[in-house]
Protein chains: 2
Amino acid sequence: MKMDYEASAILYQLLCLNKQISPKFERCTGISPARLELLHLLFEVDEISQTVLQKEVHIDSAAITRHVQQMEVAGMVERRRNPEDQRVTFVKLTELGREKILAFRQEKEIFTKQLLKDFSGDDKTRIAELLSRMQDNIREL
Amino acid sequence: MKMDYEASAILYQLLCLNKQISPKFERCTGISPARLELLHLLFEVDEISQTVLQKEVHIDSAAITRHVQQMEVAGMVERRRNPEDQRVTFVKLTELGREKILAFRQEKEIFTKQLLKDFSGDDKTRIAELLSRMQDNIREL
DNA sequence: GGTCAATGATTGACGGGTCAACTATAAATG
DNA sequence: CATTTATAGTTGACCCGTCAATCATTGACC
């Protein structure tokens with residue numbers, strides 16, 4: 001049936017598009033999408049625990065640990081234990097981190113603008129809607 | 001500006017959706033999307049060189065080598081050198097491979113059906129169109 | 001025909017993600 | 001109060017992709 005062929009093709013398109021976006025995003029902006037997402041969150045919250053971070057970004061806590069460790073080495077982030085609960089560690093942008101993220105965000109804007117070139121406002125709301133319906137559809141798989 | 005916020009959000013949605021699709025696809029169908037794509041191709045061509053395979057699937061030749069090696073161990077695939085050119089190796093589905101892929105494809109159909117649940121024909125053509133426009137937009141980055 | 005470049009495949013190192021096992025701390029329960 | 005259970009983070013093993021280096025084979029060119 002034609003329906004199922006189309007459905008397969010759409011899934012394929014999605015996977016393909018993503019495979020192209022990630023490396024290009026990184027080449028254009030100088031940072032991986034996931035890590036920028038992390039920084040972006042840190043930019044807004046001042047100080048945050050890794051668990052909360054993990055839930056916001058939807059990646060594994062192991063991945064969070066590694067990202068944060070590397071960013072710490074790069075001097076973009078500081079960590080400290082929560083005195084009230086020694087289990088949790090707070091993460092916070094350094095001054096250097098705050099500076100750098102501004103540059104990254106500009107690059108990201110340029111990138112997203114290119115990605116959605118010639119998209120009308122209607123196109124944008126439409127795609128956002130369709131994507132989130134897909135997300136809902138597979139939520140409980 | 002609101003525009004740029006939306007654009008960012010759409011990129012984020014795309015990345016997120018993909019991050020959810022891949023593991024769920026694998027859990028539901030029993031195989032990773034990339035590998036199923038490989039099998040799918042092999043299903044149609046009978047015998048094919050790894051280079052051609054690589055160009056069709058758009059992944060690195062190193063990745064192809066590893067996939068094919070593992071599938072060979074699993075008994076789903078056979079390989080042989082091209083007698084006319086010892087550099088190229090042909091890959092071919094075994095009987096077991098042909099049997100298995102049928103089951104995988106059924107699972108995949110179920111999965112894609114769920115992914116696009118409640119999508120009208122118009123929704124599908126629309127999303128396909130929007131996705132391919134994005135693809136075009138970043139082609140030469 | 002011998003050298004040199006191009007091609008196909010493989011391997012190793014790396015980035016980024018998952019899951020499972022583990023440690024340390026805190027909270028709950030008897 | 002001691003034991004158990006839950007939570008936060010870390011680490012190791014693995015999958016999947018990239019790039020760079022390597023090897024064997026083939027083809028081209030002097």
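In what follows, every chain begins at residue 1, and chains take the letters A, B, ... in the order their sequences are listed. Side-chain atoms are counted along with the backbone in the values below, which use heavy atoms only and exclude waters and symmetry mates.
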| said: Of the options D/dA8, D/dT26, D/dG17, whose atoms approach the side-chain atoms of A/Arg87 most closely? | reply: D/dA8
Report which part of the nucleic acid [X] touches: base, sugar-phosphate, or nothing (heavy-atom distance under 4.0 Å, all strands).
X       : answer
A/Asp85 : sugar-phosphate
B/Ala34 : sugar-phosphate
A/Arg66 : base

| request: Using heavy atoms to find the nearest nucleotide of DNA chain C for A/His58 and A/Gln86 separately, return the residue whose nucleotide is more 5′. | output: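 It is A/His58 whose nearest nucleotide is closer to the 5' end.
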| Which residue lies more 5' along DNA chain C, comparing A/Glu84 with A/Ser32 via nearest heavy atoms | A/Ser32
| request: Mind listing the residues from residues 44-53 of chain B sitting with a heavy atom below 4.0 Å of DNA chain C? Number order is fine. | output: B/Gln50, B/Thr51
| Polar contact flag, side-chain donor to acceptor under 3.5 angstrom, B/Gln50-B/Thr89 | yes
| note | chain A reaches DNA chain C, atoms under 4.0 Å from its heavy atoms, from C/dG16 to C/dA26
| query | Would you say a side-chain N or O of A/Arg79 is under 4.0 Å from OP1 or OP2 of D/dT10? | reply | yes
| task | Check whether any side-chain nitrogen or oxygen of A/Thr65 sits under 4.0 Å from OP1 or OP2 of D/dT10, and answer yes or no. | result | yes
| query | Taking atom C1' of D/dG17 as reference, at what distance in whole Å does atom CG of A/Leu15 sit? | reply | 13 Å
